[in-house]
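Below is one structure, written out as structure tokens, with a few remarks after it.
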Number of protein chains: 2
Amino acid sequence: MASIKDVAAAAGVSVATVSRVLNEHPSVSADARTRVLAAVEALGYRPNAVARSLRTDQTHTLGLVISDVLNPYFTELARSVEEEARALGYSVIIGNADERPDLQDHHVRTLLDRRIDGLLVSPTDGGSPLMLDAARAGTPMVFVDRWIPGVEVPVVRADGRAAVRDLVAHLYGLGHRRLAIIAGPAATTTGSERVEAFRAAMAEYGLPLPDAHIGQGDFQAESGRRVTEGFLDLPEPPEVVFAADNLMALGALDAIRARGLRVPDDIALAAFDDIPWFVHTDPPITAIAQPTGELGRAAVRALVDRIEGRDVPASVTFAARLVVRRSCGEPAPQEPSPSPVQRSTS
Amino acid sequence: MASIKDVAAAAGVSVATVSRVLNEHPSVSADARTRVLAAVEALGYRPNAVARSLRTDQTHTLGLVISDVLNPYFTELARSVEEEARALGYSVIIGNADERPDLQDHHVRTLLDRRIDGLLVSPTDGGSPLMLDAARAGTPMVFVDRWIPGVEVPVVRADGRAAVRDLVAHLYGLGHRRLAIIAGPAATTTGSERVEAFRAAMAEYGLPLPDAHIGQGDFQAESGRRVTEGFLDLPEPPEVVFAADNLMALGALDAIRARGLRVPDDIALAAFDDIPWFVHTDPPITAIAQPTGELGRAAVRALVDRIEGRDVPASVTFAARLVVRRSCGEPAPQEPSPSPVQRSTS
DNA sequence: CCTCCTCGTGGAATCGTTTACATCAATGCG
DNA sequence: CGCATTGATGTAAACGATTCCACGAGGAGG
């Protein structure tokens, strides 16, 4: 592969001049410029990004470590992150942690070794020393969706409290009283937060939430299946199952179907995170939707602001919203229009 | 960040010795080794992958350019690719082309600039000069799922011919005669191949396939919706719609639902590419399933074989299989067990 | 006419590694 | 005892870019 030396030789100038042409340095003659450009064209020369990075100490690359690529929510997040990053002149390397702390660590380490300019993380757990050290050492970092409390890193996320309250209100209005939740791992903020919001809303309506109605899941379909089976085995099973993410909802559906039960007649179902398929499941599933695209874009902008030293980025919080469909027992009205965005500084 | 020099200084040896310890070179004394390791630990030193790549001319990184991350099929493919690559000591950088040739080109260029060791591509179109040049210039490359005819690059894919014939047989058996297909872009092999297989199977059963029953889609949901609307507007609409991928099937469902029609009573639906959600749609959707994970793993192995110069990798073809559910008109039996794998050389 | 800038250019250092080569001490063997 | 071999180490040259610095030519201003 042709290097800058070959170009310099072909154009009859020094490598310094070639570099200046390529980087649009002002002080280079028109004559030299055209000769260099011609040589570049003729040789099909492309600068070696590895060498360039070594010298300039920047890779123009962002790392994105997400919890699970197979989850459509994170896929959409990844897509919007890449899109915004590309618009700002950055590439993205995605690391899929599969909800496993060891894999998360592996990816963070690899990304750091590659000297990415900044890191976007949706942490799978409380944070390994590795990640915390990196944050403390000054690696530009932004948490997205999930975060780690007590760490000085901006967070871009959606707040589901209000939507969860809306959901409980909706369920209460339909006459449901025994509600159960399939929670995510307590080590994740979204895992514990959604349970907390649910518990608070239940209390608000004077409904009991026995421990038996809080199932411990791990955001994967299989755990949704397992927990739901447990619920169904209860002497008095819940009337509603609320899954804290869409994959566990899928598992719950599997379990319910395996028993030959029907939604919502025998048991109602709702989920956190909306996806296009929820419109076509049997029945269409009531869900809490996050403004995923905006989340991804805002996170990238915050991170790039930090990298390029414009200012210290603030945390951003969007609102999630309830989308009522038929899985809890009533014909759905129109799909509501998107809710307004709310920003806050932390 | 600490560099190898710092480690050398701290351990009281030269950088060469540090490098030797880190690369497990045999000729280094036990004493020196322990001192170096201690210094590494103390300083939290991690080798700079950028510098190492520059020197060794290998990045231990694979590029994967896929057509659409939002398509669960490709997400699963990406996941299996990353998994296998990691097992073999490689990282993966994913580029999402969104079915756009210009984006595909952008990613190929960026990946090449980063001097990735090899490229895995599922081409969106007939192939840009850039990609073809790279292949000719000797960049290790493997096509996965889709390929470009006439290019000397191994292909790892699933052959859907038999499964499509099975599907047509199934539909014929249910009494359906007017079948329509939502095709993918003709520029993609999977786009044209699936139509061809469908056409051949139809001919085998003596069924006509008028042009009006071949809708032109682009593998995205929106096109599925549009084409399906066209079908439904026909004076004599088809009895069955076969979508060449799962996203177009989603669009078709949207369109059918918008008309207040029911599947399969008013119109039947089948799709290429199976996904977990198809079990829970209303009704469960009959689909052709690919061994996606195996595809990804085989592709990586072929590419790495090529990179590490073990041998010239052969093309590999797996078989797709029909999964009958209820969307075409009959209660589904058991889910069939996985089909055997078939290998061929090209 | 001399001096001082400015502009275009090239030489060479540098980024953090790996590795070919040289060096030196210790060992084995005739 | 002397010489060849081996093993452990260090020195320095790459890899391909960017960029500081020096240099010479030319123009402007006194």
Side-chain angles (χ1 to χ4, degrees), chain A residues 1-37 39-40 43-61 89 91 109-117 137, chain B residues 1-40 43-61 89 91 109-117:
Chain A
M1 201 155 240
S3 86
I4 197 172
K5 273 187 206 149
D6 305 314
V7 175
V13 297
S14 73
V15 293
T17 301
V18 176
S19 176
R20 278 189 276 257
V21 170
L22 264 28
N23 293 290
E24 284 163 353
H25 187 99
S27 117
V28 45
S29 69
D31 175 51
R33 162 166 284 114
T34 56
R35 292 220 309 285
V36 167
L37 258 21
V40 165
L43 295 169
Y45 168 75
R46 298 244 76 214
N48 182 328
V50 174
R52 193 199 293 254
S53 292
L54 178 60
R55 181 58 230 248
T56 62
D57 199 34
Q58 42 178 321
T59 50
H60 271 275
T61 303
S91 298
R109 199 187 316 275
T110 316
L111 290 167
L112 256 23
D113 285 356
R114 287 165 173 271
R115 302 300 194 265
I116 43 132
D117 292 342
Chain B
M1 199 153 244
S3 86
I4 198 172
K5 272 188 208 149
D6 305 314
V7 175
V13 297
S14 72
V15 293
T17 301
V18 177
S19 177
R20 279 188 274 255
V21 171
L22 264 27
N23 294 288
E24 284 164 353
H25 187 98
S27 116
V28 45
S29 69
D31 174 52
R33 160 167 286 113
T34 54
R35 291 220 311 285
V36 166
L37 258 20
V40 164
L43 295 169
Y45 168 76
R46 298 244 76 213
N48 182 329
V50 174
R52 189 197 295 251
S53 292
L54 177 61
R55 179 58 229 249
T56 61
D57 200 33
Q58 41 177 322
T59 50
H60 270 274
T61 303
S91 299
R109 198 188 316 274
T110 316
L111 291 167
L112 256 22
D113 285 355
R114 286 167 173 270
R115 301 302 193 265
I116 44 133
D117 292 343

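Throughout, protein chains are lettered first and strands after them, A, B, ... in sequence-line order, and every chain is numbered starting at 1.
The two atoms that bring B:S27 and B:R20 nearest to each other are O-CD, 4.2 Å, heavy atoms only. The two residues A:T59 and A:I116 have their closest heavy-atom pair at OG1-CA, 3.4 Å.
In this model, the phosphate group of D:dT19 is not approached by any side-chain N or O of A:S19 to a distance below 4.0 Å at OP1 or OP2. Put simply, B:R52 has no side-chain N or O that comes within less than 4.0 Å of OP1 or OP2 on C:dG16. Under 4.0 angstrom from either OP1 or OP2 of D:dG7 there lies no side-chain N or O belonging to B:S27. Put simply, A:N23 has a side-chain N or O that comes within less than 4.0 Å of OP1 or OP2 on D:dT18. Close to D:dA17, at under 4.0 Å from its OP1 or OP2, lies no side-chain N or O of A:K5. Considering only side-chain N and O atoms, B:T17 lies under 4.0 angstrom from the phosphate OP1 or OP2 of D:dG10.
Heavy-atom contacts from other residues, nucleotides or ligands closer than 6.0 Å to CG of A:D57 number 12 or fewer.
Rounded to an integer number of Å, the gap from A:R20 CZ to D:dC20 P is 11 Å. When rounded to the nearest whole Å, the span between CG of B:L54 and C1' of C:dC15 equals 9 Å.
Residue B:A32 is the one, among B:A32 and B:D57, whose nearest nucleotide of DNA chain D lies closer to the 5' end (criterion: closest heavy atom). Both B:V13 and B:R115 lie close to DNA chain D; mapped to their nearest nucleotides by heavy-atom distance, the more 5′-ward contact belongs to B:V13.
In this model, a side-chain donor or acceptor of A:R55 finds a partner on the base of D:dT18 within 3.5 Å.
Using a 4.0 Å cut-off between charged nitrogen and carboxylate oxygen, A:D113 and A:R109 do not count as a salt-bridge pair.
For B:A51, the side-chain atoms get nearest to C:dG16 when compared with the rest of C:dG16, D:dA17, C:dG8. With distances taken from any side-chain atom of B:V15 to the nucleotides D:dA12, C:dC15, D:dA17, the minimum falls on D:dA12.
Within the nucleic acid shown, A:A49 has no heavy atom closer than 4.0 Å to any nucleic acid atom. Using a 4.0 Å heavy-atom criterion, one finds that A:V50 contacts no nucleic acid atom at all.
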